[in-house]
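Before any comments, here is the structure.
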Amino acid sequence: MALLPDLVGNEIAEMTDFFERTKNPAAAWRAYSLAQIYTRPVPRVIQAEVDRFAACVSEAAGKVIQNEFDLLAATSRPPKENLEDQKKNRTANHKDRIVNFRAKELYAAWRGKAHENPVGQLQIEWRDIRIFGALQSLTARGVRPGRARQIVKDSGYAGLELDQIEKIWKRLKTKLQKSQSITHGDG
């Protein structure tokens with residue numbers, strides 16, 4: 001009996017490869033999550049990315065803790081002040097000094113810019129890879145490229161026009177050819 005393919009292991013490997021090529025953190029977190037859920041080893045490059053991001057979050061947490069120490073020191077009042085006044089002062093000061101982990105900092109930790117969407121980028125690239133795979137499969141079975149593009153368009157899962165599918169085909173075919181020439185020592 002033939003062994004079943006290791007779908008989880010394959011996806012972890014694909015996400016790891018995708019992360020190494022694109023530095024898209026969503027791919028790293030997908031690989032990490034799968035490894036944790038299915039008790040698989042976490043690839044070193046993925047663990048390094050998770051550790052790097054955790055250090056960014058930890059730095060923000062450190063600022064919060066330091067802010068609380070500074071706040072306590074700033075709001076310590078002589079015993080003459082009544083308890084109600086102390087609470088009001090502490091609350092007023094606290095609201096002014098809340099440390100926020102803003103979108104700008106989150107995107108910096110994700111190695112992106114505020115206008116980028118790493119998950120959306122992963123989704124688009126993954127869609128393109130699926131389209132390219134479908135086109136490769138069809139042309140390998142003798143379907144002409146133009147007809148293969150029409151079949152993919154008509155399948156409806158991509159929601160793209162023929163010219164967009166052709167651009168995906170050309171872009172990924174060029175990438176594949178370059179990677180093969182490097183692998184075979186031609187480049």
Quiz item: Can V152 and L138 be said to form a side chain to side chain contact (heavy atoms under 4.5 Å, CB included), step by step?
Solution: CA-CA 9 Å; V152 169; L138 288 166; 4.1 Å; yes

Practice problem: List the atom of A28, the atom of I46, and the distance in Å for their closest heavy-atom pair. | Solution: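 That closest heavy-atom pairing would be O-CG2, 3.4 Å.
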
The criterion is side-chain hydrogen bond (donor to acceptor under 3.5 Å, both in side chains); which residues satisfy it with [X], sequence neighbours excluded?
X    : result
E166 : K170
E14  : none
K173 : none

Cluster link [X] to [Y], ILVMFWY, side chain under 4.5 Å:
X    : Y    : value
I129 : M15  : yes
I168 : I124 : no
L122 : L34  : no
V50  : V45  : yes
Y38  : L7   : no

Using distance only, find each side-chain donor-acceptor pair of residues 141-151 under 3.5 Å and give its atom names and separation, not counting sequence neighbours.
{"residue": "Q150", "atom": "NE2", "partner": "D154", "partner atom": "OD1", "Å": "2.8"}
{"residue": "Q150", "atom": "NE2", "partner": "D154", "partner atom": "OD2", "Å": "3.3"}

Self-check item: Straight-line distance of L162 CG to Q164 CD, nearest 0.5 Å
Solution: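 It is 9.5 Å, given to the nearest 0.5 Å.
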
Practice problem: Please round to the nearest 0.5 Å and tell me the distance separating atom OH of Y32 and atom CD of Q47. | Solution: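 Taking OH in Y32 and CD in Q47, the distance rounds to 5.5 Å.
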
Taking side chain as C-beta onward, heavy atoms only, is [X] less than 4.5 Å from [Y]?
X    : Y    : answer
W169 : T174 : no
E20  : T16  : yes
Q136 : L172 : no

Quiz item: Please, which pairs that meet side chain to side chain donor-acceptor pair (under 3.5 Å) have at least one residue in residues 22-31, sequence neighbours excluded?
Solution: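 Every pair satisfying side chain to side chain donor-acceptor pair (under 3.5 Å) with a residue in residues 22-31: E11-R30.
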
Self-check item: Residue pairs fulfilling salt bridge (charged side-chain N to carboxylate O under 4.0 Å, His left out) with at least one residue in residues 33-55, sequence neighbours excluded
Solution: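 For residues 33-55, and leaving out neighbouring residues, the salt bridge (charged side-chain N to carboxylate O under 4.0 Å, His left out) pairs sorted by first residue read D6-R40, E49-R52, E49-R111.
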
Quiz item: Near Q36 CD, under 6.0 Å, is it more than 12 heavy atoms from other residues, nucleotides or ligands?
Solution: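 Yes, the 6.0 Å shell around CD holds more than 12 heavy atoms from other groups.
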
